[in-house]
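A short worksheet on the structure shown next.
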2 protein chains.
Amino acid sequence: MTGDTTPGGAATSRPASVVTLDDVARRAGVSSATASRALGDHPHVAAATRARVREAAEELDYVASPEATRLAGGPTGRVAVLVPHPSRWFFGELIEGLEESLRAVDLDLVLFRVGGPEERAAFFARLPARRKVDAVVVLAFAVDEAEHARLASLGVDVVAAGGRVASYPSVGIDDHLAGRQAMDHLIHLGHRRIGMIAVTNDGELAPDPDGRTSAWRAALADAGAEPDDDLVVTVPWGGEGGADGMARLLGLRTPPTAVLAHDDETALGAVRTLRRAGLRVPEDLSVIGIDDHPVAALTDLTTVAQPVRAQGRRAGELVAAALRGELRERVPPAELLPTRLVLRGTTSPPGAPR
Amino acid sequence: MTGDTTPGGAATSRPASVVTLDDVARRAGVSSATASRALGDHPHVAAATRARVREAAEELDYVASPEATRLAGGPTGRVAVLVPHPSRWFFGELIEGLEESLRAVDLDLVLFRVGGPEERAAFFARLPARRKVDAVVVLAFAVDEAEHARLASLGVDVVAAGGRVASYPSVGIDDHLAGRQAMDHLIHLGHRRIGMIAVTNDGELAPDPDGRTSAWRAALADAGAEPDDDLVVTVPWGGEGGADGMARLLGLRTPPTAVLAHDDETALGAVRTLRRAGLRVPEDLSVIGIDDHPVAALTDLTTVAQPVRAQGRRAGELVAAALRGELRERVPPAELLPTRLVLRGTTSPPGAPR
DNA sequence: ATGAAAGCGCTAACAC
DNA sequence: GTGTTAGCGCTTTCAT
């Protein structure tokens, strides 16, 4: 109650009565240098002094100016997160997980969209994160060589989450395995003529950088069925894409009896096309997705679940480790989190009204 | 090519050879003060000088140290965004829109989750955004008095988006009107016994802070039907909640012939319950949601669309305006973006197999 | 163990 | 119009 405590009347905007380190030092009866050491847990500070400083800081509700700290040589306490599409469930979950683990180590998350081609090009050209962060997290997109070089020019640690980026510490799932789990389920049910709806992200990625389509191929081959490339259609990401893809598959001379969609939203689109065509799912045609998006449960979609939020969380931990210098000199192998088949109502044996 | 340009071999992490303002000034043959003015578009700088400085900066690939800028009295160039649930579509869209307009004015978006009660309490207790941002954007949650005071203590502008926060400049929709559009559609179809599935967010908000339930009541009254409170069920947000709510409504002595769900995800849950109960939608019971979530199109759900991304975008513009000092001394009235009925397949006249 | 002093890179008076 | 000179609030040698 030394007069500075209660702001009193001026209810609104008020520069938060900026308390500086000097204020804390003065109150604790030491120099600012000592206060800095005490607060920073440096050695060579008497326990009593440390306590006094801490208390003073507490009482004054002191918060260090991040700018000053940084300018004087400290880290920024921020990490940039590069997100293609923040509004999609998958990215939202990654972000949520990331925020959680970054917050735990007091790191702020600065979001950068790198969605469409132009936006992405703009980001790498201007590099708006430059000089502003201690690390960068790349969410689920493949970084090409030029981009890799640009990121390197930031001079900070880079971590990848949600997908396939070699050369950086990363967390993800085994896409081939996930696809395989879905395919094996269909094959086990008796399907042999299985379609695949692959997606392209922002029109830039090769059809199958992620292994799901290769799983389709491998599973069929292993089951002794010749993979028929006509059964693979590639569409833009999303429900409408899935609907389109399914329509194309239905236009085949011999349509498949089951379909593996790249993800749940694509799968839902496929289901809509089937329903509109008067076909029953799964009696006439089985559909399986990958993700276990919340709507999958609501629409009774069979799928392969992946732990998305956990990937984000783990990525945050990798960032923390990197900042502690633990990942120097050796990119650890990609961490792959487990996926599992979730049986619901959109798959059944072929031609077998259940 | 004055030797500093190409980093050469050291392909990886490398402190980005920090170019300072002095370097630029020296190269342009002026003092750092002049360089600062030139780059900052200040008056009283010869056009030629300005050009020379700009060129030098360009060549050196100069980027100002945000910390130094800030420390010397400038703004941080950052805005904090408080998000309850980043992974939900609604918030993701808001974030995406926000990022877009903030990026346009070169502001970085720093994300803070304020989801569950504890998380939220933690945020307001610690105020991790303190001293780090120029403004705060509150996404779709009601700020109570204590929280309001805490935010005020940050001494920065605050803007709200996606919902009902008086006392701050804000963008949103007219929830009552949206609810009314949905209800009027049902009533127009001939329904009079209409259920309402309201939701509570994080178990903390009152049943109807947003007007959708009041729209239910008003629409029925206007139609000459006595609003029956048994027809209003309140559930936790989400598909499972919706499924539960629908189950409760089905348990009524006289179930409704149509249901207005607080949002599309809740509506989807309701539809699932109906299907599982062997009821047909819309023949046996109509369901309408609010949002126009992408899955609504995939599941043929009738709904009232709201422009979410635009709300985020507009909020970013409000932030920019606030930072230009344009919103001082007067909180502008809440901006309400238009909503519209989207007819799809989950509504039809009562008892009328269409 | 603690203090004094020198910056970190920039902006903002204040002179010229 | 442009240069000089102080800081902004910290961290960190270097002394003591």
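Naming convention: chains lettered A, B, ... in sequence-line order (proteins, then strands); numbering from 1 in each chain.
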Atom pair distance, as rounded to whole Å: [atom1] in [X] and [atom2] in [N]:
X        : N      : atom1 : atom2 : value
A:Lys132 : C:dC10 : NZ    : P     : 14 Å
A:His42  : D:dT13 : NE2   : C1'   : 13 Å
B:Asp41  : C:dT11 : CG    : P     : 12 Å
B:Asp23  : C:dC8  : CG    : P     : 12 Å

Quick one: side chain to side chain contact (heavy atoms under 4.5 Å, CB included) partners of [X], sequence neighbours excluded?
X        : value
A:Asp61  : B:Arg130
B:Glu317 : B:Ser101, B:Arg314
B:Ala57  : B:Val24, B:Leu39, B:Tyr62
B:Ala321 : B:Arg324, B:Glu326, B:Leu327

Quiz item: Residues in side chain to side chain donor-acceptor pair (under 3.5 Å) with A:Asp41, at least two apart?
Solution: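 A:Asp41 satisfies side chain to side chain donor-acceptor pair (under 3.5 Å) with no other residue.
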Quiz item: Which residues pass the side chain to side chain donor-acceptor pair (under 3.5 Å) test with B:Ser87, sequence neighbours left out?
Solution: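 A:Glu93, A:Glu96.
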Quiz item: Quick one: bend of the helix from C:dA1-D:dT16 to C:dC16-D:dG1 from 5 pairs per end, to 10°?
Solution: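 For the helix from C:dA1-D:dT16 to C:dC16-D:dG1, the axes at either end differ by 40°.
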Quiz prompt | Any residue meeting salt bridge (Lys or Arg N to Asp or Glu O under 4.0 Å) with A:Glu147, in chain and number order, not counting sequence neighbours | solution =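 Salt bridge (Lys or Arg N to Asp or Glu O under 4.0 Å) check on A:Glu147 returns A:Arg120.
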Self-check item: Contacts of type salt bridge (Lys or Arg N to Asp or Glu O under 4.0 Å), residue A:Arg70, not counting sequence neighbours
Solution: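 By the salt bridge (Lys or Arg N to Asp or Glu O under 4.0 Å) rule, A:Arg70 matches no residue at all.
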Quiz item: Is there a residue in residues 30-38 of chain B whose heavy atoms reach under 4.0 Å of DNA chain C, and which residues are they?
Solution: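 Those residues whose heavy atoms fall under 4.0 Å from DNA chain C, taken from residues 30-38 of chain B in numerical order, are B:Ala33, B:Ser36, B:Arg37.
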Quiz item: Looking at A:Val30 and A:Ala35, what are the two nearest heavy atoms and their distance?
Solution: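 Shortest heavy-atom separation between A:Val30 and A:Ala35 comes out as CG2-N, 4.1 Å.
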Atom pairs, protein N/O to nucleotides 6-9 of chain D N/O, distance under 3.5 Å:
residue	atom	partner	partner atom	Å
D:dC8	O2	B:Leu71	O	2.9
D:dC8	O2	B:Ala72	N	3.2
D:dG9	N2	A:Ala68	O	3.4

Quiz item: With sequence neighbours excluded, what pairs up with B:Phe112 under the ring-ring contact (aromatic ring centres under 6.0 Å, His included) test?
Solution: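 Here the qualifying residues are B:Phe123.
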